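Below is one structure, written out as structure tokens; the observations come after it.
Count residues from 1 along the sequence. From a predicted model like this one, the values you see are computed outputs, not experimental measurements.
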Amino acid sequence: LSCGSLMMQQCAAARRPAVAWLRAALVDVAHSRCSSMVTAAGFEPGQGPSLGPNISKSAEPVPRSKPSALKSAEPPAPSPLLAVRATAESEQIAPGTPYAKELRLLTHVLRNATAGDPLSVCEQIERFGEDVLQHSGQWLKVAGAQKATVLAAALHDVPRGGSVLEIGCYCGYSAIRMAMALPGARIVTLEVDPAHVVIARNMVAFAGLAHMIDVWTGHSKDLLSRLPDRYGGVDKFKLCAVFMDQRGTRYDDDLAVIERLGLLLPEAVVIADNVLKPGSPLFLWRLQRGPTYDTHIVTVREFAMPSEDWMSVSILRLPLDGTGLDQVVGEQEEDDEDYEEHRCNALLGSASGPADLVQLQWESDRIRAQATRAGQGVSFAQWSSFADQMRTRMAPFGIAATIDAMDLQEGRLLFPRPLPPPGAMRAARLRARHRGDNCADTEGIEAVG
């Protein structure tokens, strides 16, 4: 207990300068921007919607307000005094200040984005990452640019009536993007860092989406099993999509918990970022070994960094209780040398994986830790080189990109309807691997089965 108390005191001391700055900045923002947001929402100054004592968070999708009123109202320009003070305070945030990058990001968005306009908020977050940080060799870890295209494409045909779970909120960018892509859906997002939670909640509120996005504080291993009770139980908390953007070596464990709880709707979509860099080799290996999911690995250009990365997008095709699995796997038994091992892994989702991929998993965690360690870091060139190594070393296991994000920007769908039979994409990958192709052949899979 004394050790834990000491650690909490140290964490609090490290965050204190950031929290003090944030509190002062938000006071100014509240005075200057709240009146314009209230006016844009259709209320007179001094009035607002009343929340009765019985109002609680609901798992049911909340209808999104019509954007016409928000866009038609011209918010007044910020006070010159506020702009001067915000600029001065931003300049006072020294590089060594805890959460300096995130505090500067919040300052930039509040000063340059339009209150109540989610697209404006996302654009300014991207602009900060590309125009401000990139030139100084810093990186903003958000799923922007091509990754935002992949995220929108993945959510194109998700089942109706479900919520979206995000693991790894950071500053709220992708949560806002997903709320824009799925008007009316509840976005539930988890973030382990309390300072990031504060910033994310303010980003969400400034974008006018606080009624659609819930930001929870805590680690996924602690929160996932408790979330259904917060939304009325497992029967009322069903997921149409999951976006994982936390530590990549946790993807497999977190998805296994979600599966055991029975939260995924039929044909729910599971999206994972950074599966090449820093990487999540065992997660990709598991997804591609069975017919439970159809999976695309999308090659993208990393946001605000000259490096390749991958995003995986998987659609649930078979019930997780194993119903129908014997027939699908049996049809492909001759093509799979590890049939019995594959069948067990597909059912239980607990495969340890080949030793070489376990080693890659360890190297992924090592470079991730180096990137976050004070005084060290990882350069853009080092990240690019590491991505090249990961791609080369995963290829012998049949793990390779199946589609380019550029194709999605041109309108190609990830999973065109009608869907092919379960296991068809896997069969196509097996044939491609036997031919020695570098990339899985997923064209024409409608004819398989």
Side-chain angles (χ1 to χ4, degrees), residues 3-4 6-8 10-15 18 95-102 105 129 133-134 136-143 147 166-171 174 190-197 199 217-224 243-255 272-286 302-312 352-394 399:
C3 181
L6 178 60
M7 291 177 63
M8 292 178 65
Q10 292 174 341
C11 290
R15 292 191 177 98
T97 302
Y99 303 100
K101 178 171 61 178
E102 291 77 16
L105 169 65
L133 289 184
Q134 187 178 19
S136 61
Q138 292 182 290
W139 181 52
L140 188 66
K141 189 186 181 304
V142 299
K147 290 190 172 184
E166 178 186 37
I167 307 176
C169 179
Y170 189 41
C171 291
S174 50
L190 315 182
E191 173 55 48
V192 69
D193 192 308
H196 294 164
V197 169
I199 292 174
T217 311
H219 197 287
S220 57
K221 66 181 180 181
D222 301 316
L223 291 182
L224 285 177
F243 178 44
M244 296 192 289
D245 198 13
Q246 72 277 34
R247 179 164 57 91
T249 50
R250 278 211 59 85
Y251 289 173
D252 199 49
D253 293 335
D254 287 344
L255 181 58
D273 194 10
N274 304 120
V275 292
L276 175 67
K277 175 194 76 63
S280 187
L282 291 178
F283 174 73
L284 294 178
W285 179 78
R286 174 199 166 188
E302 178 61 88
F303 171 70
M305 182 186 294
S307 172
E308 181 189 7
D309 196 10
W310 290 349
M311 295 178 72
S312 68
S352 58
D356 288 347
L357 292 184
V358 173
Q359 173 66 23
L360 280 182
Q361 190 99 326
W362 179 84
E363 293 178 21
S364 170
D365 274 340
R366 182 181 62 178
I367 195 169
R368 183 182 290 106
Q370 179 182 341
T372 57
R373 193 173 296 130
Q376 292 193 14
V378 179
S379 68
F380 289 173
Q382 288 173 317
W383 273 127
S384 181
S385 175
F386 185 81
D388 292 341
Q389 294 176 33
M390 290 288 286
R391 182 181 62 251
T392 300
R393 294 169 65 182
M394 285 193 287
I399 302 174

Residues which pass side-chain hydrogen bond (donor to acceptor under 3.5 Å, both in side chains) with Tyr170, listed by chain and number, not counting sequence neighbours: Glu102

Side-chain donor/acceptor of Ser384 to backbone N/O of Ser307, under 3.5 Å: no

Residues that Lys101 engages under side-chain hydrogen bond (donor to acceptor under 3.5 Å, both in side chains), provided they are two or more places apart: none

Salt bridge (Lys or Arg N to Asp or Glu O under 4.0 Å) between Lys221 and Asp254, worked out: CA-CA 7 Å; Lys221 66 181 180 181; Asp254 287 344; over 6 Å; no

With Glu308 via side-chain hydrogen bond (donor to acceptor under 3.5 Å, both in side chains) - residues at least two apart: Thr299, Trp310, Arg391

Pair Cys171-Leu105, side-chain contact (heavy atoms from CB on, under 4.5 Å): steps then yes or no: CA-CA 9 Å; Cys171 291; Leu105 169 65; 3.9 Å; yes

Pairing residues for Glu166 by the salt bridge (Lys or Arg N to Asp or Glu O under 4.0 Å) criterion, not counting sequence neighbours: none

Minimum side-chain heavy-atom gap Met311-Phe243 below 4.5 Å: yes

Closest contact, heavy atoms only, Pro278 versus Phe386: O-CE2, 3.1 Å

Min side-chain heavy-atom separation Leu255-Arg286 under 4.5 Å: yes

Under the salt bridge (Lys or Arg N to Asp or Glu O under 4.0 Å) test, residues paired with Lys147 that sit two or more places apart: Asp273, Glu302, Asp309

Candidate pair Gln359 and Arg393, rule side-chain contact (heavy atoms from CB on, under 4.5 Å), full reasoning: CA-CA 11 Å; Gln359 173 66 23; Arg393 294 169 65 182; 4.0 Å; yes

Sidechain-backbone polar pair: Thr97 side chain, Ala100 backbone, donor-acceptor under 3.5 Å: no

Whether Trp383 and Trp139 hold their rings parallel, tilted or perpendicular, with breakpoints at 30° and 60°: tilted

Exercise: identify the closest heavy-atom pair between Ser364 and Gly279: OG-O, 3.0 Å

Heavy-atom closest pair, residues Tyr251 and Ser280: CD1-OG, 3.6 Å

Side-chain heavy-atom pair Leu284, Pro281 within 4.5 angstrom cut-off: no

Stepwise side-chain contact (heavy atoms from CB on, under 4.5 Å) test for Arg250 and His219: CA-CA 11 Å; Arg250 278 211 59 85; His219 197 287; 3.5 Å; yes

Side-chain (Thr392) to main-chain (Asp388) donor-acceptor, under 3.5 angstrom: yes

For Thr249, all residues meeting side-chain hydrogen bond (donor to acceptor under 3.5 Å, both in side chains), sequence neighbours excluded: Arg247, Asp365

Side-chain heavy-atom pair Asp245, Ile167 within 4.5 angstrom cut-off: no

Minimum heavy-atom distance Leu276-Ala387, with the two atoms named: CD1-O, 3.6 Å

From Leu357 atom CG to Phe283 atom CZ, the distance as rounded to the nearest 0.5 Å: 14.0 Å

Sub-4.5 Å side-chain heavy-atom contact between Leu190 and Thr217: no

